[in-house]
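Have a look at the structure below before the remarks.
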Amino acid sequence: MTGTPLVVLDACVLANLSLCDTLLRLAEPPRLFEPKWSEETIRETTRTLELKLGWPHSLTAHLEKELRAHFSEAWISGYESLIPRMTNDEKDRHVAAAAVHGGAATILTFNLRHFRPEHLTMWGVRVVHPQSFLIEVFRQEQAVVMTKLEQQAGDRGRTLRQLLDILNATVPEFVAVVSAATTR
């Protein structure tokens with residue numbers, strides 16, 4: 001990839017921990033993209049992890065501390081005045097406003113219906129499903145992505161196949177592309 005594109009990660013992506021781990025590893029040197037998010041997105045992620053997935057507050061606080069330590073430049077602030085100008089789904093206008101204010105050309109989300117092209121194109125922002133983004137990055141930087149996936153699997157005490165099986169639940173087409181490339 002040329003440069004390091006700025007990519008806003010929506011809360012639904014951050015709350016999916018195996019996928020989030022994969023994405024954040026791709027954002028570590030050598031960086032394939034630069035992740036961005038806002039305080040409001042992190043609060044939404046924390047609520048999801050605690051209320052829907054049963055995480056204790058101590059664990060979500062630790063996650064936020066780690067995000068601040070390792071991705072201190074990811075935090076977007078000062079976007080609030082743009083929220084009323086956003087026309088996408090009301091609950092996710094803060095995400096679109098953060099992307100516009102932070103200069104990000106991409107929002108990664110599972111909630112594509114909350115970010116229709118007609119609401120974002122005028123701002124120079126596209127919305128992408130994490131699976132499509134991962135396939136795009138893999139096709140451009142296959143060796144780097146494979147190395148990072150193998151490191152992630154090893155760090156978690158898993159084989160690459162076990163990691164791909166976990167990721168298959170949310171990004172099956174990406175897993176198929178990676179699997180096809182590793183069996184050549």
Side-chain angles (χ1 to χ4, degrees), residues 6-28 31-84 86 88-102 104 106-116 119-120 125 127-134 137 148-149 151-158 162-172 174-175:
L6 306 180
V7 178
V8 168
L9 305 182
D10 195 6
C12 59
V13 173
L14 290 167
N16 184 313
L17 266 291
S18 291
L19 175 62
C20 178
D21 187 14
T22 299
L23 288 166
L24 293 181
R25 286 170 186 267
L26 296 177
E28 293 174 335
R31 241 181 190 184
L32 301 180
F33 75 98
E34 186 176 335
K36 295 290 185 180
W37 49 71
S38 66
E39 291 283 347
E40 191 166 348
T41 297
I42 297 302
R43 282 194 306 272
E44 190 178 333
T45 302
T46 298
R47 280 193 307 274
T48 299
L49 292 171
E50 291 177 2
L51 301 177
K52 293 185 179 175
L53 300 178
W55 281 37
H57 178 72
S58 60
L59 193 52
T60 58
H62 177 73
L63 173 63
E64 183 175 337
K65 179 182 168 198
E66 290 297 308
L67 289 174
R68 287 186 188 282
H70 297 284
F71 296 98
S72 60
E73 71 290 344
W75 304 81
I76 298 171
S77 59
Y79 61 89
E80 295 80 6
S81 65
L82 278 174
I83 294 172
M86 299 296 111
N88 62 302
D89 187 278
E90 193 172 342
K91 289 178 277 187
D92 279 320
R93 288 183 180 167
H94 67 97
V95 178
V100 170
H101 183 73
T106 305
I107 296 172
L108 282 191
T109 185
F110 289 106
N111 297 325
L112 300 177
R113 68 187 186 283
H114 289 188
F115 302 92
R116 301 228 184 262
H119 301 132
L120 298 173
V125 177
V127 63
V128 180
H129 191 283
Q131 175 165 265
S132 300
F133 180 78
L134 286 169
V137 170
K148 290 180 180 236
L149 287 172
Q151 289 170 342
Q152 180 182 359
D155 290 349
R156 299 289 173 244
R158 296 184 171 104
Q162 289 170 323
L163 173 62
L164 292 176
D165 287 345
I166 292 166
L167 291 172
N168 193 58
T170 52
V171 289
F174 169 67
V175 169

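From a predicted model like this one, the values you see are computed outputs, not experimental measurements.
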- Query: Is the distance between the ring centroids of Phe133 and Phe33 less than 6.0 Å?
  - Reply: yes
Would you say that [X] contacts [Y] through its side chain, given a criterion of any heavy-atom pair below 4.5 Å between the two side chains?
X      : Y      : result
Ile76  : Trp37  : no
Thr48  : Trp55  : no
Leu26  : Leu134 : yes
Tyr79  : Glu40  : yes
Arg47  : Lys52  : no
Leu112 : Thr109 : yes

Mind checking the [atom1]-[atom2] spacing from [X] to [Y]? Nearest 0.5 Å is all I need.
X      : Y      : atom1 : atom2 : result
Leu9   : Leu24  : CG    : CG    : 6.5 Å
Leu164 : Gln152 : CG    : CD    : 9.0 Å
Ser18  : Leu167 : OG    : CG    : 6.0 Å
Glu80  : His101 : CD    : NE2   : 8.0 Å
Asp89  : Asp92  : CG    : CG    : 5.5 Å
Glu50  : Thr60  : CD    : OG1   : 3.5 Å

- Task: Name all pairs fulfilling the salt bridge (Lys or Arg N to Asp or Glu O under 4.0 Å) condition that reach into residues 14-24, sequence neighbours left out, sorted by first residue then second.
- Result: Asp21-Arg25, Asp21-Arg156
- Item | Summary of salt bridge (Lys or Arg N to Asp or Glu O under 4.0 Å) pairs that have at least one residue in residues 67-79, sequence neighbours excluded | Arg31-Glu73, Glu39-Arg68, Glu64-Arg68
Which heavy atom in [X] sits nearest to a heavy atom in [Y], and how many Å separate them?
X      : Y      : answer
Leu163 : Leu149 : CD2-O, 3.4 Å
Ala27  : Phe71  : CB-CE2, 4.0 Å
Gly102 : Leu6   : O-CD1, 3.4 Å
Ile107 : Ala96  : CD1-CA, 4.0 Å
Val13  : Cys20  : O-CB, 3.8 Å
Val100 : Val125 : CG2-CG2, 4.1 Å

- Query: What do the steps show when you test Thr170 against Phe110 for side chain to side chain contact (heavy atoms under 4.5 Å, CB included), and what is the final call?
  - Reply: CA-CA 9 Å; Thr170 52; Phe110 289 106; 4.1 Å; yes
- Ser38 and Thr41: side chain donor to acceptor below 3.5 Å: yes
- Task: For the residue pair His119 and Asn88, confirm or rule out a side-chain donor-acceptor distance under 3.5 Å.
- Result: no
- Task: Please test His94 against Glu44 for side-chain hydrogen bond (donor to acceptor under 3.5 Å, both in side chains), starting from the C-alpha separation and ending with a verdict.
- Result: CA-CA 11 Å; His94 67 97; Glu44 190 178 333; 3.2 Å; yes
- Task: Scan Leu14, Asn16, Leu108 and name whichever one has a side-chain contact (heavy atoms from CB on, under 4.5 Å) with Leu23.
- Result: Leu108
- Would Arg93 and Phe115 satisfy side chain to side chain contact (heavy atoms under 4.5 Å, CB included), going step by step from the backbone distance to the final call? CA-CA 9 Å; Arg93 288 183 180 167; Phe115 302 92; over 6 Å; no
- Task: Decide yes or no on side chain to side chain contact (heavy atoms under 4.5 Å, CB included) for Leu53 and Leu17, but give the supporting numbers first.
- Result: CA-CA 11 Å; Leu53 300 178; Leu17 266 291; 5.8 Å; no
